[in-house]
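Step one of this worksheet: look at the structure below.
Computed from a predicted model, the values in this text were never measured in an experiment.
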Amino acid sequence: EQIGGRRGRKTSTAPMEQDLFTRSRMDWSEYLSEFLQVLPDPDEIWRKGLIGYSDLYALTRDSHASSCVDQRKSQPMSRMIRVQPAPGSDGGAMSEKALLACTKMVQDWGQGKPNMISNIMEAKLMGMQPFELNWIWDSTVGANVMRMPTDLLQEWFAYTPDGELRTFKRGSATPVPVPPFKVSMARHQPMTRNPYGRKLLSPCYWPVTFKRGGMRFFAEYAERFGMPTVHVQAPANTSQGSLTSFVNKLMGMMRKGIIATKGEYAVSNLDMDSKYQTTHLYDSFMDAMDKETSKALLGQTLTTDEGGSRAQGDIHKQILETLWKGDDQFTASYLTDLFDLVTYVNWGPDVRGPVAVVGEQLGLDRLERDKVLRDFHGIEFTDEYLFRHYDLGKADYNRVDPLKASYKDLPESGTSPKAGGSRKSEAAKTKGEARDNHRNRGES
């Protein structure tokens, strides 16, 4: 973000269309801070001064919200990060060096990659997530690379009306530009009106707040009305002292379960059924607040709540899997921006950097496709392709003679697909003949 443009943008002296819409013609008086000269966050809760980023993060202390956040992050955090050449790349020497440098950089991040993905996902929850970039010289690849980026606090940064990132120095209320190539910002769906990004936790504020308040009132309600209402009917000539003494003994009975009295007292419970029914109002209220949180974070409710048919559960699971795919793309997009930055710092803007792939499934899909390409089209894959797509290293295997799998080498016995047969059908035919022979031997 600090190198001034999107991926693939070229600097040019020709006038561009966006130059026709200058920021000075926009009315920022509603948003612009008079003293800081930065845009306050336009989120409605922010503008009313109700919460800040620390309060937004505190929402995850709610058990249901925490469960939804963990469920949203679990799949992306289990993904592997792959570094591949950019589509349409010329594959020149500089591009190969950039690919090698970024691959080595990701490998050096080691076991911290899941935590890195988790921090990137915080941008979706909080709207944006800043990272500090620490550069080192890697002599093995001959390039400047990054250590694993360190997450920073959102409160330390703000945006101007021109979309420029500013930071607040310690002890100063005046924002200053960030150092070049030092801070990178991951943002979720930023817009001109809202450069701070869209926060998934923002719609959860009122449901979690109401739920907390409801839990407090529910605890008071349970303490007050959970016990039965006891009606004591004493004889008309009972003195006040005797009645008070009996009530005290009755209260002691609620703790110890034993009471001894004299006289004609009648004790009964009142309204237990109706008071028990009122507790369901609190249960319904809590469930409604939890469902609002689930819909805000997961897009559905059945992966966190009970109930519903299996068909509904499958549909809700598909919705969650769709969100996971979007999370993979979001993570890959930010990592690709880091690779662009590494490429720019080392080889300039004319070299196209590699791209990151997160969440691609290894196994059947690619394996079946590669098998068809090899067997029917005669394509022989290079070691570099195997290293890149199947997570193999040079020390992981030995090259042997390729398998003779072409159908032209098979006997002319109807086993070729063109001749109307297949290996599977031939095997089934042989198995059937063996079964018939076995039955014939049994009959004889």
Side-chain angles (χ1 to χ4, degrees), residues 1-23 81-109 113 116 120 123 128-150 159-160 162-166 177-187 190 192 195 328-358 360 381-385 387-389:
E1 191 165 331
Q2 300 305 315
I3 60 178
R6 295 181 179 177
R7 178 177 181 80
R9 179 182 294 177
K10 300 292 185 180
T11 57
S12 174
T13 57
M16 296 183 292
E17 291 185 13
Q18 53 265 35
D19 293 335
L20 300 177
F21 304 96
T22 58
R23 305 270 180 168
I81 301 174
R82 296 178 180 84
V83 186
Q84 298 182 1
S89 177
D90 56 1
M94 295 300 180
S95 296
E96 290 294 332
K97 288 183 178 180
L99 176 64
L100 180 61
C102 294
T103 302
K104 178 66 165 49
M105 179 180 69
V106 173
Q107 291 175 352
D108 290 342
W109 290 351
K113 290 190 285 292
M116 174 67 183
I120 296 174
M128 66 178 189
Q129 177 58 57
F131 291 92
E132 181 181 2
L133 307 180
N134 295 308
W135 298 82
I136 59 172
W137 173 260
D138 192 335
S139 58
T140 59
V141 294
N144 290 292
V145 297
M146 306 173 190
R147 297 188 185 273
M148 185 160 48
T150 304
Y159 282 93
T160 67
D162 292 329
E164 297 180 0
L165 187 63
R166 294 288 187 267
V178 297
F181 311 121
K182 187 60 177 177
V183 175
S184 177
M185 185 72 74
R187 292 186 291 172
T192 301
D328 292 338
Q329 294 294 327
F330 180 78
T331 304
S333 176
Y334 176 72
L335 292 174
T336 300
D337 290 341
L338 295 184
F339 298 162
D340 285 343
L341 194 57
V342 171
T343 305
Y344 180 89
V345 168
N346 288 280
W347 297 283
D350 296 330
V351 179
R352 194 168 188 183
V355 297
V357 178
V358 178
E360 181 183 3
F381 296 102
T382 63
D383 290 343
E384 287 74 13
Y385 178 86
F387 297 156
R388 187 166 59 249
H389 293 289

### Task
Assess whether side chain to side chain contact (heavy atoms under 4.5 Å, CB included) is satisfied between Val351 and Asn346, documenting all intermediate values.
CA-CA 9 Å; Val351 179; Asn346 288 280; over 6 Å; no
#### Entry: Derivation of the side chain to side chain contact (heavy atoms under 4.5 Å, CB included) call for Thr103 and Gln107
CA-CA 6 Å; Thr103 302; Gln107 291 175 352; 3.7 Å; yes
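Closest of all the heavy-atom pairs between Asp340 and Pro354 is OD1-O, 4.4 Å. Counting all heavy atoms, side chain and backbone alike, Trp347 lies closest to Ala98 at CZ3-CA, 3.6 Å. Shortest non-hydrogen contact noted between Ala143 and Ala101 is CB-CB, 4.1 Å. Between Phe330 and Ile120, the shortest heavy-atom distance links the atoms CE2-O, 3.5 Å. In plain terms, the two heavy atoms of Leu99 and Pro85 that are nearest each other are CD2-CG, 3.9 Å. Among all heavy-atom pairs drawn from Phe339 and Ala356, the shortest one is CE1-CB, 3.5 Å.
Atom NZ of Lys113 has more than 12 heavy atoms from other residues, nucleotides or ligands within 6.0 Å.
For the pair Lys182 and Asn134, the minimum side-chain heavy-atom distance is below 4.5 Å. No side-chain heavy atom of Asn144 sits less than 4.5 Å from a side-chain heavy atom of Val342. Side-chain contact between Ile81 and Thr331 is absent, with no heavy-atom pair separated by less than 4.5 Å. Contact check for Val183 versus Phe131: no side-chain heavy atoms found under the 4.5 Å cut-off. For the pair Met128 and Pro190, the minimum side-chain heavy-atom distance is 4.5 Å or more. A 4.5 Å side-chain heavy-atom check between Leu341 and Trp135 finds at least one atom pair inside the cut-off.
Taking OG of Ser184 as the start and CD of Gln129 as the end, the distance is 10.5 Å to the nearest 0.5 Å. Separation of atoms CZ (Arg166) and OG1 (Thr160) is listed at 5.0 Å; rounding is to 0.5 Å. Separating the CE atom in Met185 from the CG atom in Asp337 is a distance of 13.0 Å, to the nearest 0.5 Å. Distance check, rounded to the nearest 0.5 Å: OG1 of Thr343 to CZ of Arg352 gives 11.0 Å. The CE atom of Met148 sits 13.0 Å away from the CG atom of Leu133 when rounded to the nearest 0.5 Å. To the nearest 0.5 Å, atoms OG1 (Thr150) and CE (Met116) are separated by 9.0 Å.
Looking only at distances, no side-chain donor or acceptor of Arg147 sits under 3.5 Å from a matching main-chain atom of Ile136. In this structure a side-chain-to-backbone donor-acceptor pair under 3.5 Å is missing from Ser333 to Gln329.
Classified by interplanar angle (parallel below 30°, tilted 30° to 60°, perpendicular above 60°), the ring pair Tyr344/Phe181 is tilted.
For Asp138, the side-chain hydrogen bond (donor to acceptor under 3.5 Å, both in side chains) partners at least two apart in sequence or on another chain are Lys104, Thr140.
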